[in-house]
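Counting starts at 1 for both ligands and their atoms, following the listed order.
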Amino acid sequence: MCGIVGFTGKLAAAPVLLQGLERLEYRGYDSAGIAVLDNGAIRVEKVSGRIAKLCEKTGNGALVPGAAGIGHTRWATHGAPTDQNAHPHLSNDGRFAVVHNGIIENYLELRKELIRDGYTFQSETDTETIVHLLEHYYDGDIKAAVMKTAARLEGSYALGIVCTDTPDALYVVREASPLILGVGVGENYFASDVTALVSHTKNVIYMEDGEFARLTPGAITVYDCTGRELQKPISRVTWSVEAAEKGGYEHFMLKEIMEQPAAVKAALAPRIHDGKVQLDGFELTGEQLRDIHKIIITACGSAYYAGCSGRYAIERLCRIPVEVELASELRYADPMVDEHTLVLVISQSGETADTIAALRECKSRGAKVIGIVNVVGSTIAKLSDHVLYTFAGPEIAVATTKGYTTQLTVLYLFALYAAGKLGRMDADRYAALVRELQHLPRRIQQTIDMNWQLPALASRYASQSLFFIGRNTDYAVALEGALKMKEISYLHAESYAAGELKHGTIALIEENQPVIAVCCNESLMDKTLSNIVEVKARGAKVLALSFKGNKKIVSQADDVIFIPRIETIFSACLAVVPLQLLAYYAAKGRGCDIDKPKNLAKSVTVE
Ligand code: M6R
């Protein structure tokens, strides 16, 4: 996600802002900028690319005088990572500048309304609507303008605002996006992340949703959403800068696992309106969808496994045949692809060489391509006919976690959207599935909360080669669970369709062989249970993964990991979470370099 910082005091603001932005670099970003109040005007400097470029452009801040300002690192979501789309954004009258962390879900309708009212836009961002709303509502009372603006915004936001009429003041607002105020002596700060504050002050005020505040060098005043002044406690941060970067977690991977409820919410929220799924700025009509004879999903690694899960959702809901192909194979397969083929290309980075090659191969044969991508402006995003961004935010750990679950989420949304357009679902079922999807973030959180025993299970099961088994959607989860285990713990792990065991693999089952059995598909429960009985009869110890309340599984498996009950087609999004944690604790127990496993790169840009 993006990062925001602010400073007001007696010193030059720009160097403090640049230093704060550098502290946020670890989160990943693609452009950066600052806005400083000086002599009744706002000076904005912003660049696409690294903060070092911004430092160079501003003489490390010395060329931007002024003692109050705001700064931003941007991770592109709406619009490519260009200079124009970088924050801060200025109002047309030059009176306000804004930085924003989060997503404004209703920005398209606000943008239309503001253009109708005569405002001109310099960027493609959702954020720019905010600064024009401030200008629109401002009549000399900033507090009122901020409150009226916030009331119009749907989505998540932590905002930093400056106004030329109050030359030493900063304004901040928070809704569903982190925001912390730093309390100094004769100077005050704000930031989206405590990392940017701890080298200046350890005294902080945590802002809550719906609150806004005014900061001057000598005072901080916090208000609730009705404008009533609040007395907020000052807390003391004890973290070092290093610990603060990881939000207190020992590894980025664990932090990113824990971020999944928020990441999945970010993928869902902008696309569900009035109980209906919408795509981002494009539509597929029933007629266009009926013209599609098959869908090919292509990707590598975990993104490919997300496709394996997504296939079940699309086929079941839309009744369109889906093939899931490894991009490294598809590119050389002389694929049977034509203008009646829709290709879904999945990639977190958007830069995976094999995936790009497979995309080009399919496009050259006439296929329509939808990219399911996390990194805005990446090669795959640019080459695709349409893009559905996953909005996972930057993923730092090499092993993908929130990247994968947000890919699943987008595939579920696509399946529901297409099924609705094709008229292949009755209205009640459609509405029930949309509701179920909206509960996903909460269910992921419950899954995390109910699995406190995973460190102990990891030490019991992850000490030698492991088998992961499952059927159908559970098999797709087993594939991803085994990959996670392999790549970070360096233990040999294999996944098998449970029904395949007896065709050869069962010969490998010996006394004490760990088997992880994924059993979240109720209609196939008895089938997988019989596979559990088979491997147990040969001495295996079985750790099963199933939904809460499944008594049958308790009587058969040695240990059970539970997830909340959920529609089978969406179960992968929950079931994978304990498997990510199992791999994490296994790797931790074995002393592995969890965030940077050996021989692996985050983005595989060569063949
Ligand atoms: O950036 P992409 O999603 O295209 O990357 C694809 C794979 O390289 C990636 O999923 C890889 O398998 C991960 N390390 C798995 O955790």
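- In terms of protein heavy-atom proximity, atom 10 (O) of ligand 1 is nearest to S302 N, 3.1 Å.
- By the 4.0 Å N-to-carboxylate-O rule, E395 lies too far from K402 to be salt-bridged with it.
- Here the two rings, on Y305 and Y404, have centers that are 6.0 Å apart or farther.
- Ranking protein heavy atoms by distance to atom 3 (O) of ligand 1, first place goes to Q348 N, 2.6 Å.
- Both the backbone and the side chain of T400 come within 4.0 Å of ligand 1, counting heavy atoms alone.
- Counting non-hydrogen atoms of other residues, nucleotides and ligands closer than 6.0 Å to NZ of K486 gives a total above 12.
- Atom 7 (C) of ligand 1 has C300 O, 3.6 Å as its closest protein atom, hydrogens excluded (heavy atom only).
- Contacts with ligand 1 closer than 4.0 Å are made by side-chain heavy atoms of K484 only, the backbone lying farther away.
- When hydrogens are left out, the protein atom nearest atom 13 (C) of ligand 1 is E487 OE1, 3.9 Å; that is the closest non-hydrogen contact.
- Nearest protein neighbour of atom 1 (O) of ligand 1, counting heavy atoms only, is S349 OG, 2.6 Å.
- Nearest non-hydrogen protein atom to atom 8 (O) of ligand 1 is V604 CG2, 4.0 Å.
- Listed by chain and number, the residues in a salt bridge (charged side-chain N to carboxylate O under 4.0 Å, His left out) with E567 are R429 (sequence neighbours excluded).
- Note on ligand 1: V398 sits in its first shell, one or more heavy atoms being nearer than 4.0 Å.
- Close approach of ligand 1 to A303 is summarised as follows: ligand atoms under 4.0 Å from at least one heavy atom of the residue are 3 (O), 10 (O).
- The protein heavy-atom contact nearest to atom 5 (O) of ligand 1 is T352 OG1, 3.5 Å.
- Ion pairing of D334 with R365 is present here, as a side-chain N (NZ or NE/NH1/NH2) and a carboxylate O approach within less than 4.0 Å.
- Per-residue contacts place A399 under 4.0 angstrom from the following atoms of ligand 1 (heavy atoms of the residue considered): 16 (O).
- Among pairs with a residue in residues 358-383, none fulfils ring pair (Phe, Tyr, Trp, His ring centres under 6.0 Å), at least two apart in sequence or across chains.
- In terms of N/O distances under 3.5 Å, ligand 1 is not approached by T355.
- Between the side chain of E256 and the main chain of T401, no donor-acceptor pair closer than 3.5 Å is present.
- Counted by atom type alone, Q580 and Y584 present zero donor-acceptor pairs between their side chains at under 3.5 Å.
- A side-chain N or O of E351 and one of T379 form a donor-acceptor pair less than 3.5 Å apart.
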